[in-house]
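Structure, as structure tokens:
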Protein chains: 2
Amino acid sequence: MVELAILGFLGERPLHGYELKRRVAHLTGHVRPIADGTLYPAIKRLEKAGWLSRRTEPGSRAAPRHVLSLTEAGRDELRRRLRDAGGVQISDENHWFTVLAFLRQLDDPAQQAAVLRRRRDFLREPSSFFYEGERPLAAEEFEDPFRQGILTIARATSRAEMRWLHATLKALDPQGPR
Amino acid sequence: MVELAILGFLGERPLHGYELKRRVAHLTGHVRPIADGTLYPAIKRLEKAGWLSRRTEPGSRAAPRHVLSLTEAGRDELRRRLRDAGGVQISDENHWFTVLAFLRQLDDPAQQAAVLRRRRDFLREPSSFFYEGERPLAAEEFEDPFRQGILTIARATSRAEMRWLHATLKALDPQGPR
DNA sequence: CCGCTATACCTCGCCTGCGAGGTATGGTCC
DNA sequence: GGACCATACCTCGCAGGCGAGGTATAGCGG
């Protein structure tokens, strides 16, 4: 997930590690700082794979900065990861948001739509949090206010996302598949 | 997170591993299967700590089952974890939902309210996904439909949760702190 | 009664991310 | 000009979770 975020942000413009850290932290919505021990090894991995290059600059008001930029191979990799997004990337909200944040860089609208459709199909699957044997329980059915909260919140999210997905899919391929 | 889920479900009733697996999978909302390699080692850890005990039963229509139940120490641990929920448990939606799912078992309403208040305070913190320098960008401000999606979905979720939090907090301690 | 399938449990190695530690440099304040 | 702080980068060990593999058992179809 961090790797995708790094590739994505660098796909927009070259950045040094520290600035990258700030942006990735904000990416999760409510600021959730990303640990140095996560960011820098990830940068190393990507660099080793030839997806980004660094150029050292004198620090503006501190230690020298390593300005990172995406190589051509890196841009290909970014597009590949966006196009092939699946599994956790589709089902986990944090991962999914990361994909969404950079999906614009996958410049073929048909491919963008395909990714959105995968998410839509995933959300469509009937789902519930709690069961009584086989039967799913609705929010109103149990007296536990906290579980009611879970269901109401999840429902609100799901609705908002579905509405947005439909509208965006329509805009992307007006007479596309399904 | 898995450990809390195990403690929580076993706090409701004794279960064997396989059934536990089913319930934990549903806990995330849209069925996200939990790997065996996650569940069973977690059970082992909890058992080793003395928080749950097992009793072997002949399998109903397959291999023998290990029915797990919470020990007294396990129940204490569950309550401790719920009461002290913080950090990732508050800030990450997946973790937070796990806490919520079992918060009822923390039987002191004042303590329940304290946990909810921590989440509320976290959600209150001003937050945004994308910045232009220092200034946060609103959904309407950029033309990227995917980032617009992120913001609109996040906003809908946040609103629904805030509404629920306020209502529930009021019900929990009508004249409580703040 | 043989093989298949579903149930049920377990282990191992890997990958990702975290936290705690460390280094270095430029600017500011006294 | 020395102390201090913010910036900037890095490493190490750890923990949680995953996936692929393996074992075993009960029931069912042919």
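Note on naming: letters A, B, ... go to the chains in the order of the sequence lines (proteins, then strands), and numbering restarts at 1 for each one. The basis for the numbers below is simple: all heavy atoms, side chains too, and nothing from hydrogens, waters or symmetry mates.
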*asked:* Whether A:Glu143 and B:Arg104 form a salt bridge (side-chain N of Lys/Arg under 4.0 Å from carboxylate O of Asp/Glu) is what I want to check.
replied: yes
*Spacing between B:His95 atom NE2 and D:dA15 atom P, to the nearest angstrom*: 16 Å
*Residues that A:Arg54 engages under salt bridge (charged side-chain N to carboxylate O under 4.0 Å, His left out), provided they are two or more places apart*: A:Glu47
*Do any N or O atoms from the side chain of B:Gln111 and from the backbone of B:Leu106 form a donor-acceptor pair under 3.5 angstrom?*
no
Is there any protein nitrogen or oxygen under 3.5 Å from a nitrogen or oxygen in nucleotides 18-21 of chain C, and what are the pairs?
from	atom 1	to	atom 2	distance (Å)
C:dC18	OP2	A:Thr38	OG1	2.4
C:dC18	N4	A:Gly37	O	3.0

*Using a distance-only test with no angle check, is there a side-chain donor-acceptor pair under 3.5 angstrom linking B:Glu161 and B:Trp96?*
yes
*Heavy-atom side-chain contact between A:Asp76 and A:Trp51 under 4.5 Å*: no
*asked:* One thing to verify: whether B:Arg75 and B:Glu12 come together as a salt bridge, which I'm taking to mean a side-chain N less than 4.0 angstrom from a carboxylate O.
replied: no
_Interatomic distance where NZ belongs to A:Lys21 and P belongs to D:dA6 [whole Å]_ = 14 Å
*C:dA8 P sits how many Å from B:Arg23 CZ, rounded?*
13 Å
*OH of A:Tyr18 versus P of C:dG26: gap in Å, rounded?*
16 Å
_Expressed as a whole number of angstroms, how long is the span from A:His66:NE2 to C:dT25:P?_
11 Å
*Nearest-nucleotide wise, let me know which of B:Gly17 and A:Arg45 is further upstream toward the 5' end of DNA chain C.*
B:Gly17
*Is the shortest side-chain N/O distance from B:Arg22 to OP1 or OP2 of C:dA8 below 4.0 Å?*
no
*Please answer whether the main-chain N or O of A:Leu103 pairs with a side-chain N or O of A:Gln112 as donor and acceptor at a distance below 3.5 Å.*
yes
*Select base, sugar-phosphate, or nothing to describe what B:Lys44 touches, counting heavy atoms under 4.0 Å on all strands.*
sugar-phosphate
_Between C1' on D:dG16 and CG on B:Asp92, what's the gap in Å once rounded to a whole number?_
13 Å
*Using a strict cut-off of less than 4.0 Å between a Lys/Arg side-chain nitrogen and an Asp/Glu carboxylate oxygen, indicate whether A:Arg65 and A:Glu19 qualify as a salt bridge.*
no
_Rounded interatomic separation in angstrom, taking CG from B:Leu27 and P from D:dG17_ = 12 Å
*What bend angle does the helix from C:dC1-D:dG30 to C:dC30-D:dG1 show across its length, from five-pair end axes and to the nearest 10 degrees?*
20°
*To the nearest angstrom, how far is B:Glu19 atom CD from C:dA6 atom P?*
18 Å
_Taking the basic N atoms (NZ, or NE/NH1/NH2) and the acidic carboxylate oxygens, is any pair closer than 4.0 Å for B:Asp36 and B:Lys21?_
yes
*Any side-chain N or O of A:Arg54 under 4.0 Å from OP1/OP2 of D:dA8?*
no
